[in-house]
Enquirer: 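Dropping the structure in here first, questions after.
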Amino acid sequence: MALRELSSLEKYLGLKKPNKYSTQGDKKVPVLQNNNGPPLVGLGTIASHLVKEAKRPNLLGDSAESRAVVQQWLEYRVTKLDGCTKEDTKAILKDLNLYLQDKVYMAGNQFTLADTFMYFGIHPIIVDLSVQEKEQYVNVARWFDHIQRCPGVRHHLPPLVVLRNRIYTSKHH
Amino acid sequence: MTKDEVQGAMEEDQAQSKKGLKKQQKEAEKAVKKAEKQAKLAADQQGSEEDDFAKDRYGVPPMVQSQQKLDRVLVRVEDLSPEKADQLIWLRARVHTSRAKGKQCFLVLRQQQFNVQALVAVGDRASKQMVKFAANITKESIVDVEASVRKVEQKIESCTQQDVELHIERIFVISQSEARLPLQLEDAVRPDGEGEEEGRATVNQDTKLDNRVIDLRTTTSQAIFRLQSGVCKLFRDTLTNKGFVEIQTPKIISAASEGGANVFTVSYFKTSAYLAQSPQLYKQMCICADFDKVFCVGPVFRAEDSNTHRHLTEFVGLDIEMAFSYHYHEVIDSITDTMVQIFKGLRDNFQTEILTVNKQYPSEPFKFLEPTLRLEYTEALAMLHQAGVEMGDEEDLSTPNEKLLGRLVKEKYDTDFYVLDKYPLAVRPFYTMPDPNNAKYSNSYDMFMRGEEILSGAQRVHDAQLLTERAMHHQIDLEKIKSYIDSFRYGAPPTWRRRHWPGESVHAVPRPPQHSSDLHVPT
């Protein structure tokens, strides 16, 4: 799963030569063998490295604050989102919905790695939501639809339908 | 005493006599006090008998045994309005609540859906004892009240008659209720949400159904049954005006009409018979007998094991059957027009009832279009695909998809009522007429209200040969339906049939199957 994400990221970044990854441990943490130094371990680490390689540092955030936020969400993705249980998803969606109330992107005012990897990570949850639930977490749905339509992001994942208009308007049904 | 003791032995004699004196004095005082008290009590008693000048204006009269014919007009609570201000009227109602407050007693008197505030105050018309009597009348007792109608400055929010109150001159208890009621009517009409929020009681369904007589007295129940009555009346009136004839069909029949799966068997003398699952066969016989247009209102019995508000073992079915000239849409138009007349009739003549029900079960006003919206199945499929639902072209709609489709249609066309036409042939019964232009589809349809299917209809195959072919295609034993096929051999007009689910209303009330034999409430 993580490997497919990394190869999608490579395609997005326009890196010509795809890298060879291996995994370690039960959780299949991705590992990148580096010619120059020690191997890079971990989704966030490798992603940051790839971004630097592709000379697109703005994807990691353009200010110190947004850089910190990007790293925060990368870590959130790996620790909280991957392998979360059914009960956790409701809490996660609620938190995200609140966080995204007044933000277009996860970090700062532009598209960053945080958006990419949160999108990859949350896709399996959104796939299972009903139309009514997507309306309930309206900010998450709005952000999700925005990111999945960004050119070049959505390589290995199918597009999900997010309705533009609310159909569950009255509170009585 | 102590002082005497301190004074010493020398004055013992003196002390003795002083003690004695004091004791005597004390006893004398006690006696005086007792005498006073007794005198007061006697005076009080005399006083209470004397002071009850209103003795004949309240009480429990002898049981009504048709002793006399009173020429008295009893006014209805719903007619109490400022127009009647200062009139002295009689009325009979139930005591909904009674509350004493010092020299006054406030009562709420209830009659079916309506209630009004009434008051007994100590004054020249009412005595203290009368007010006390009024305060002690048990809830749900039936009382006869003579009162003057008074306009009020501030609207009484908690009653239906908000502009007036009654000032009671006479009050008699005609039928007393036991002090402890199995459920409180105020709790029974409380909306579920409000109950949870404010920590107040609501009555759960089992309690309501075990004490159905009291539960039916609530304003909500009264309104619901009036709406149900209204639906049946509008159905009958509209169809009669269109030239339909009402028929009553047999309910004890010799063979299961819709397939043996969910039919009730009854013992019929030495053999058995079945309770009719629908009036289908008889309606069609009427058409073949040149009745042209018939309808039928009556019970339908289905041994449905499911526990939802749409699966009742016994419900009232509103069935229509009519012959048409050239196209089955003639029938759809006739039916949708009937439905629209029913909606309009309820909207225009039953607003009071609808609002009463809404207090306990809030809902939005029911929306419909004129002419009624008719969608084709293919369009519905497209809408569902657009919303991310994966469904095959010839697949039937599942209940969740029906509900979602209802929402999408509401959002796109702003209507709660629509017709879905041209269902796939594969999912309809063998006697459904195929679409002449596309063999995958059929001349059949369903109608939906707020995303729930309330009606299913189709053009029936009226040609014996085609019927046989379709039956064989569905692998049905031809022997079992021989008489049905035969009925078409003697010139059968093209017919349409539709079965309508239990009376529609503008809200939903849950009904568990095991209690449905009792009474039923519209869904």
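Chain letters run A, B, ... following the sequence lines, proteins first, then strands; residues in each count from 1. For clarity, every value in this text was computed on a predicted model and none was experimentally measured.
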Enquirer: Is the NZ atom of Lys52(A) crowded by more than 12 outside heavy atoms at less than 6.0 Å?
Expert: no
Enquirer: Give a yes or no on whether Glu75(A) atom CD has more than 12 heavy-atom contacts from other residues, nucleotides or ligands under 6.0 Å away.
Expert: no
Enquirer: Would you say Val131(A) and Val389(B) make side-chain contact, with heavy atoms under 4.5 Å?
Expert: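 Heavy-atom side-chain distance check fails, nothing below 4.5 Å.
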Enquirer: With a sphere of 6.0 Å drawn around CG of Asn109(A), does it hold more than 12 non-hydrogen atoms of other residues, nucleotides or ligands?
Expert: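 It does not: Asn109(A) CG has 12 such atoms or fewer within range.
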Enquirer: Determine the minimum heavy-atom distance between Glu411(B) and Arg166(A), stating which atoms define it.
Expert: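 Heavy-atom minimum between the residues: CG-O, 3.4 Å.
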Enquirer: Count the heavy atoms belonging to other residues, nucleotides or ligands that lie under 6.0 Å from CD of Glu53(A), then report whether that count exceeds 12.
Expert: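 Yes - once you tally the heavy atoms of other residues, nucleotides and ligands closer than 6.0 Å, there are more than 12.
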Enquirer: Taking atom CG of Leu163(A) and atom CD of Gln386(B), what is their separation to the nearest 0.5 Å?
Expert: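 Answer rounded to 0.5 Å: 8.5 Å.
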Enquirer: Hey, which of Pro400(B), Ala387(B), Gly388(B) has the most heavy atom pairs under 4.5 Å with chain A?
Expert: Ala387(B)
